[in-house]
Protein chains: 2
Amino acid sequence: MTNRTQRAERRTDALSKERIVEAAIAILDESGESALTFRALAARLATGSGAIYWHVANKDDLLAAATDDVVARVVTDVDDGAEPRAAIRTVALGVFDAIDAHPWVGTQLTRAPWLAAMPRIFEAIGGRLQALGVPERAWFDSVSALVNYILGVAGQNAANARLHAHGTGREALLGAVAAQWARLDPARYPFVHRVAEQLPAHDDREQFLAGIDLILAGVTATLPAGTRTGSDGSRASRS
Amino acid sequence: MTNRTQRAERRTDALSKERIVEAAIAILDESGESALTFRALAARLATGSGAIYWHVANKDDLLAAATDDVVARVVTDVDDGAEPRAAIRTVALGVFDAIDAHPWVGTQLTRAPWLAAMPRIFEAIGGRLQALGVPERAWFDSVSALVNYILGVAGQNAANARLHAHGTGREALLGAVAAQWARLDPARYPFVHRVAEQLPAHDDREQFLAGIDLILAGVTATLPAGTRTGSDGSRASRS
DNA sequence: ACCTGAACACCGTTCAAGT
DNA sequence: ACCTGAACACCGTTCAAGT
């Protein structure tokens, strides 16, 4: 009987998967992916490194749980009544911003795409494709295209953030890449030369959205005749 | 004088960055990313681990060189006279197949996108967008969309390959994911449920191409009026 | 100039021992 | 049932010492 109440009144500092994941996210956000070690985690939780293994299978399991935590927060609260294309843009931007705030999420998403976070993204986007009038046989290819694009950007941003952590600022990084591209043989890399000029000034978030709009334009263009409704979503948004 | 000829007649087993990269690729292909250690590399090259550091800055440098090696082979030999859309598909498929054959390339490409391999892909695809009539202000966003999509798929494939290495076969993996998706609450994940059925039967390569076609359809759809030529590349290819 | 290999400062993970 | 922390089997990287 007393056991019962004791368990209910469990001290808040008792170890649990939730508290471990929470601490892991804090370390990842504060100090980056390389700072998350079982020793650092144990120190922050004031326990032994072995204790963590009682609640978590291994480091991959821990990272998967942390990633799912962040993604779940983003994907769920999107207005259900919104126009499908707008809703897809909102979801995609949500994932983009989440990775901007937690770059390690980008790394995880591209390394372990089958984890719990993935169905969340699939559902959030896929449901809207359906509403858009995309025929069922094209569903899978269409979500897949959008999600793979999002994951590609996620990986890039995470990689850039890794450099930022090493001291390089965003401008310095873009400048260095632009300079490297400008140094390539113009005869063999004419296109890269032209694009290099646009690189330092471009806005990551705007370019991300432009890509989403491009894919949505493709989805709309391949819609069965007579189903097309609303704008084609290809307008370059400037806000 | 004798030094001169001696250097020219250097034994083929002398250490060099090329030989190190070659050995690294062999280890990566034969035994996967986790098998590439400086100790294993030193053993294969019959030298000390420290010797490798004379020719290579660190492990990242080594992986970047190995990746560039593989990508360079793929991207260069694409027919220059081909129709732009067909050429883009060829380049994309080349990268896809390279990652299929060397999954570790996918990991690297998504982790270090600014490396030497990236301008190669940008040029190969961007040049064709130009030929397609895409206006200059849309170049950057368009290549970026295509390349990010390719990188997204690259990451996925690499992740899947990591599982394959751990013993799980492709069918078993797809089956497990499909089963996991089918177990989700149908009320909250209706779309995922429907798509789960298509998952085990789908062809990765075809789906990849479908995504490329979707983006190309979007590029075509947003082309200035009067510029559109040829097919819109949106045909769902079944072979 | 280039190579050797022991040593350093770490990791993730395990496990006997405790409560 | 849960926690402790030393120990194990690794890593990437460095560096004095060799040739």
Side-chain angles (χ1 to χ4, degrees), chain A residues 1-24 27-28 31-66 104 107-108 111-112 162 165-166, chain B residues 1-24 27-28 31-66 104 107-108 111-112 162 165-166:
Chain A
M1 290 298 167
T2 55
N3 273 342
R4 197 87 185 271
T5 48
Q6 270 174 18
R7 224 167 259 157
E9 287 164 14
R10 209 190 211 95
R11 292 157 307 144
T12 38
D13 63 323
L15 219 49
S16 68
K17 186 158 184 178
E18 286 166 48
R19 279 195 62 233
I20 293 171
V21 169
E22 189 188 341
I27 292 176
L28 287 163
S31 320
E33 308 173 47
S34 65
L36 181 66
T37 68
F38 277 82
R39 281 172 243 275
L41 197 52
R44 181 183 263 260
L45 292 166
T47 182
S49 58
I52 297 168
Y53 280 90
W54 184 263
H55 302 274
V56 149
N58 52 38
K59 195 171 183 178
D60 279 344
D61 181 30
L62 176 60
L63 282 165
W104 52 272
T107 311
Q108 270 319 104
R111 282 182 58 90
R162 258 190 300 274
H166 279 272
Chain B
M1 289 300 170
T2 56
N3 272 342
R4 198 85 187 271
T5 48
Q6 269 173 19
R7 223 166 261 157
E9 288 164 13
R10 209 188 212 95
R11 291 159 308 143
T12 37
D13 63 325
L15 218 49
S16 68
K17 185 158 184 178
E18 285 166 47
R19 279 196 63 232
I20 292 171
V21 169
E22 189 187 342
I27 292 176
L28 287 163
S31 320
E33 309 174 45
S34 65
L36 181 66
T37 69
F38 278 81
R39 280 172 243 277
L41 197 52
R44 182 183 265 260
L45 292 165
T47 182
S49 58
I52 297 168
Y53 280 89
W54 186 263
H55 301 274
V56 150
N58 50 39
K59 196 171 182 177
D60 278 345
D61 181 31
L62 177 59
L63 282 166
W104 51 272
T107 310
Q108 270 320 104
R111 283 182 56 91
R162 257 191 301 275
H166 280 272

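We name chains A, B, ... by the order of the sequence lines, and we start the count at 1 in each one.
Note on A:L41: nothing from the nucleic acid sits closer than 4.0 angstrom, heavy atoms only. No engagement by A:L62 is indicated, since no non-hydrogen atom pair under 4.0 Å with the nucleic acid exists.
Between the CD1 atom of A:I52 and the C1' atom of D:dG5 there is a distance of 12 Å, rounded to whole Å. Protein atom CG of B:N58 is 9 Å distant from nucleotide atom C1' of D:dT13, rounded to whole Å. Taking atom NE2 on A:H55 and atom P on D:dA1, their separation rounds to 13 Å, with Å as the unit. Atom P of nucleotide C:dT13 and atom NZ of A:K59 are separated by 8 Å, given to the nearest angstrom. Spacing between atom CD1 of A:I20 and atom C1' of D:dC2 amounts to 11 Å, rounded to whole angstrom units. Note: CD (B:E33) to P (D:dG12) measures 13 Å, nearest angstrom. The CD1 atom of A:I27 sits 11 Å away from the P atom of C:dG12 (whole-angstrom rounding).
Closest contact between the side chain of B:T37 and the listed nucleotides C:dC11, D:dC11, D:dT14 involves D:dC11. Among the nucleotides D:dC3, C:dT13, D:dT13, the one closest to any side-chain atom of A:F38 is C:dT13. Considering only side-chain atoms of B:R39, the nucleotide from D:dC3, D:dT13, C:dT13 that sits closest is D:dT13. Comparing C:dG5, D:dC11, C:dT13 against the side chain of B:S49 picks out C:dG5 as the nearest. Proximity note for B:Y53 (side chain, C-beta onward) versus D:dT13, D:dC2, C:dC2: the nearest is D:dT13.
Contact between the side-chain N/O atoms of B:W54 and the OP1/OP2 oxygens of C:dC3 is not found at any separation under 4.0 Å.
A 4.5 Å side-chain heavy-atom check between A:L41 and A:K59 finds every atom pair outside the cut-off. At least one side-chain heavy atom of A:R162 sits less than 4.5 Å from a side-chain heavy atom of A:T107.
Between the CZ atom in A:F38 and the CG atom in A:N58 there is a gap of 7.0 Å [rounded to 0.5 Å]. Here the CD-CG distance, from B:E22 to B:L45, works out to 9.0 Å after rounding to the nearest 0.5 Å.
When both pairing distances are held under 3.5 Å, C:dA9 makes no Watson-Crick or G-U pair with any nucleotide shown. Across all strands shown, D:dT4 is found opposite C:dA16 as a Watson-Crick or G-U wobble partner, with both distances under 3.5 Å.
Just one residue in the list A:I27, A:L28, A:L36 forms a side-chain contact (heavy atoms from CB on, under 4.5 Å) with A:W104, and that residue is A:L28.
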